[in-house]
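Both backbone and side-chain heavy atoms feed into the values below; hydrogens, waters and symmetry mates do not. Values in this document were obtained by computation on a predicted structure and should not be read as measured data.
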Amino acid sequence: MGEKDASFSNEESFKFFGLGGCNEVGRSCHIIEYKNKVIMLDAGMHPALSGHASFPYFDEYDLSKVDILLVSHFHVDHSASLPYVMQQSNFRGKVFMTHATKAIYRWLMQDFVRVTSIGNSRTEGGGSTSSNDEGGNIYTDDDIFKSFDRIETIDFHSTMEVDGIRFTAYYAGHVLGACMYLIEIGGLKILFTGDYSREENRHLPSAEVPPVKPDVLITESTFGTGTLEPRAELETKLTNHIHATLTKGGRVLLPVFALGNAQELLLILDEYWEKNEDLQNVSVYYCSDLARKCMAVYETYTGIMNDKIRLSSSSDDSKSSPFDFKYIKSIRNLSKFSDLGPSVVVATPGMLQAGVSRQLLEKWAPEQKNLVILTGYSVEGTMAKDLLKEPQVIQSLNNPDLSIPRRIGIEEISFAAHVDFQQNSEFIDKVSPSKIILVHGDSVPMGRLKSALLSKYSSRKGTDKEVKVFNPRNCEELTIPFKGLKIAKVLGSLAEEQLQTLKHEIEEKLTEVDNDGNDVKMEEVDDEDSEKKRQVNGTLSTFKPGQVVSGVLVAKDFELDLVQLQDLNEFTQLSTSIVKSKMNLKINANLPLMIWHLEQMFGYINVINDDAQSWECVVMDVVDILIDRSKGPGLYISVEWINDNLMADSLADSIIAILYSIDSSPASVKMSSAQHSHNHQHPHIKQEFENDTSLTSKSDIASRISQLQLLLEAQFGESLENLEDEKARITIGKSVANIDYRTLKVECASKVLKDRIETTIRRGTVLTAPLALPPK
């Protein structure tokens, strides 16, 4: 199989449309369009908002146009509106996520519905209650179950193709199952990072760098130009604060997502308790209705975690799983929690908007000896973000009129698995895109990151390596033009011909030896027909620059295959058919006269049948002319040809035009007056016409010029003035064109008039010269 450049496409536009997560963190949802293919990236909800206000701006886009929806990971701000999209909108596309993400998705969505009272909520005890508040009836448990059945999974490093859209999943770190997607549409490559981390933690590997350079990078900008502390320092700071608080008799609250950095914190705490005997009488609780189910998922997917976890999971150690914690108790709700003395509680949700973490915050807030440690990213508008301002009071969730004094200590120690500026910048350098779109970041840090990147790549501005950075807002369409190179795969006998030629060239070069008898290593092969060269060692091109290869071009989605007609069915499963055209007409001239006219145009016609009933000839092996002699006076003619190329159609048109003009031709009138006897034998007719030199054209220069003059006169009328020395002048308005019939050159200041005259002359020279010669 060989490859050949088919053609450059016209400038085509890549479009990006943010429905959420643009100049904000929350409700991530992006639309990309290219070559009439539409992909949605993530479908989250805003954790600081409720009801329909928490959704992306779905009303601003026709979701029925979306071909596929790719979910990067299971966090609420990236996946929580998926049941609504799949069950209550006009979306009809396919949905993909990794196996681990799907395993967690259903349980996480059910917990989200329960905790936030969206749809059919449930009480802490598990009973159902109908919700009619602002957040009610957005989607239900039934929507979650039905949407779950429609979700398809993708393995890491596997490539899938749906209707011409190719996409591959790569490790993104961040949380279990999180992936970045490398997407290819019609040769354009887009990398969507989702949320990603370039730092390996206690259970997850760092995000990998895809081996393919993308044209467009869509990347998170959560921390903007900020720099995160080293992980070892964060762990030390965390455990020191916890140890100090417990020593004072206080309680520690760690709000977390049900899955994500919760597992990381539990691994840290369990190890710290193992090393500090004085803490082993203090209980550590992981309080979440999903704790048991989520831990089962984590234990199942240790194979996609880092080397330390995978090795410990496969060892013969008595510990059945890295997540079988020795010092941590898992409880579903606070009914199992005895709040006596110092303790540590890791509880959901992470932004303190509702649930167990919010209940404990309100209960422990008045005590100064207690401590809440915010370990994740806090979205604007949430209780977690408000706490960082250290307010004097907080509002009760269930009783908004009740203000609770806030004396509890507040620390922010971010274990959020996102990249900081240095990590993000280094990753961008490695993938080296020409276009960067920033998402998932508040407007200020995102704006700073954009400025920093533009400054970093300022030396490339105005060159072919220029890097452009965009930070569009929600519902703001971004259009990026691209000019791509179309590549056609040459298959079948066409490719075999080229490979055989190349093989022959290589064999010839390898047989050459130097004077010492050593093989000559040929770095290049000279091409006598081209100034360019083709390499022999290294990558081989089976085609020479400028070489023309003809065949049938088959387009499927965005792939182009060039094959010969006979190979069409084998490589494309397409069948072929032959279309044959037929034109019937009648003229009053006799057969010798018709033959004479055809020979004046084509020089030679091949008579293949001449009997009493019929006469048949072939012109240029393409067009058949048949005459039925049994129908009476005149010539009843059928012109037949196969419509396999433009030449056949053009040739047939010319023949039909000649046949129709025979009866009115001046030469026909003169020939008819000679009263030649009717003779069906073609050699006798030819001899008879050749004896009359006044009628037989020699196709000499003078006659051709005369015919060109007639053709130009027909085109330009009185504007044409024939001059001496076989020259002419055409005057139209202020435009004057001078023509030399000998050299066929046209001189004219007006390009429009010059092009028109040259086109007429070019056609005329073809018509006035024989197109074929008789066989010798």
Side-chain angles (χ1 to χ4, degrees), residues 16-32 41-42 44 46-48 56 70 72-73 75-78 170 172-175 178-182 190-199 206-207 209-210 214-229 260-261 376-382 385 412 414-458 467-478 480:
F16 174 91
F17 191 77
L19 298 180
C22 292
N23 279 268
E24 67 174 358
V25 176
R27 59 180 166 196
S28 289
C29 185
H30 320 298
I31 300 289
I32 59 175
L41 305 171
D42 285 341
H46 202 298
L70 303 178
S72 63
H73 62 288
H75 275 159
V76 167
D77 60 326
H78 292 262
Y170 292 95
H174 191 62
V175 293
C179 72
M180 51 180 69
Y181 290 102
L182 181 66
I190 307 106
L191 178 61
F192 172 57
T193 66
D195 291 354
Y196 78 110
S197 171
R198 285 287 289 164
E199 187 174 21
S206 66
V209 179
D215 301 292
V216 179
L217 173 66
I218 304 172
T219 183
E220 66 148 294
S221 55
T222 313
F223 287 108
T225 54
T227 301
L228 299 178
E229 293 182 64
N261 67 346
Y377 183 83
S378 301
V379 174
E380 197 69 45
T382 62
K385 192 71 171 180
E412 183 181 26
S414 180
F415 285 84
H418 296 273
V419 286
D420 63 9
F421 173 69
Q422 182 179 352
Q423 295 163 348
N424 209 359
S425 180
E426 288 176 355
F427 180 81
I428 292 171
D429 282 342
K430 289 179 183 294
V431 297
S432 187
S434 60
K435 309 291 187 298
I436 301 171
I437 301 174
L438 302 178
V439 297
H440 198 279
D442 290 327
S443 58
V444 174
M446 181 184 285
R448 289 173 179 166
L449 177 59
K450 178 181 179 180
S451 297
L453 291 174
L454 289 174
S455 177
K456 178 179 180 179
Y457 298 118
S458 60
V467 177
K468 294 187 176 180
V469 185
F470 306 92
N471 59 334
R473 296 184 176 277
N474 287 333
C475 303
E476 178 181 295
E477 184 177 275
L478 171 65
I480 304 175

From [X] [atom1] over to [Y] [atom2], what is the distance, rounded to the nearest 0.5 angstrom?
X	Y	atom1	atom2	answer
Glu412	Lys385	CD	NZ	7.0 Å
His73	Asp195	NE2	CG	4.0 Å
Ser451	Lys456	OG	NZ	14.5 Å

Shortest non-hydrogen contact between [X] and [Y], atoms and distance:
X	Y	result
Met446	Ser221	CE-OG, 3.4 Å
Gly226	Asp420	O-CB, 3.2 Å
Ala48	Thr382	CB-CG2, 3.6 Å
Gly26	Pro47	CA-CD, 4.2 Å
Pro472	Cys22	O-CB, 3.2 Å
Ile428	Pro433	O-CD, 3.4 Å

Not counting sequence neighbours, which residues clear ring pair (Phe, Tyr, Trp, His ring centres under 6.0 Å) with [X]? List them please.
X	result
Phe421	none
His440	His78, His418
Phe16	His30
Tyr377	Phe223

Under the rule for salt bridge (charged side-chain N to carboxylate O under 4.0 Å, His left out), what residues qualify as partners of [X], not counting sequence neighbours?
X	result
Glu24	Arg27
Asp442	none
Lys430	none

Close side-chain approach of [X] to [Y], heavy-atom, < 4.5 Å:
X	Y	answer
Tyr170	Cys179	no
Asn474	Asn23	no
Asp42	Phe192	yes

Start with the C-alpha distance between Ile480 and Lys468, add both sets of side-chain angles, then the distance that settles side-chain contact (heavy atoms from CB on, under 4.5 Å), and finish with yes or no. CA-CA 10 Å; Ile480 304 175; Lys468 294 187 176 180; over 6 Å; no
Given Ile32 and Ile218, is the side-chain contact (heavy atoms from CB on, under 4.5 Å) satisfied, shown in steps? CA-CA 10 Å; Ile32 59 175; Ile218 304 172; 3.9 Å; yes
Would you check if the side chain of [X] reaches a backbone N or O of [Y] as a donor-acceptor pair within less than 3.5 Å?
X	Y	answer
Ser455	Ala452	no
Arg198	Ala207	yes
Asp215	Lys435	no
Ser434	Val467	no
Asp77	Val25	no

Listed partners of Asn471 passing side chain to side chain donor-acceptor pair (under 3.5 Å), at least two apart: Lys450
All side chain to side chain donor-acceptor pair (under 3.5 Å) counterparts of Ser28, not counting sequence neighbours: none
State which residues pass side-chain contact (heavy atoms from CB on, under 4.5 Å) with [X]; sequence neighbours excluded, sorted by chain then number.
X	result
Glu199	Ser197, Arg231, Gln423
Thr219	Thr193, Tyr196, Leu217, Asn424, Ile436, Leu438
Glu426	Gln422

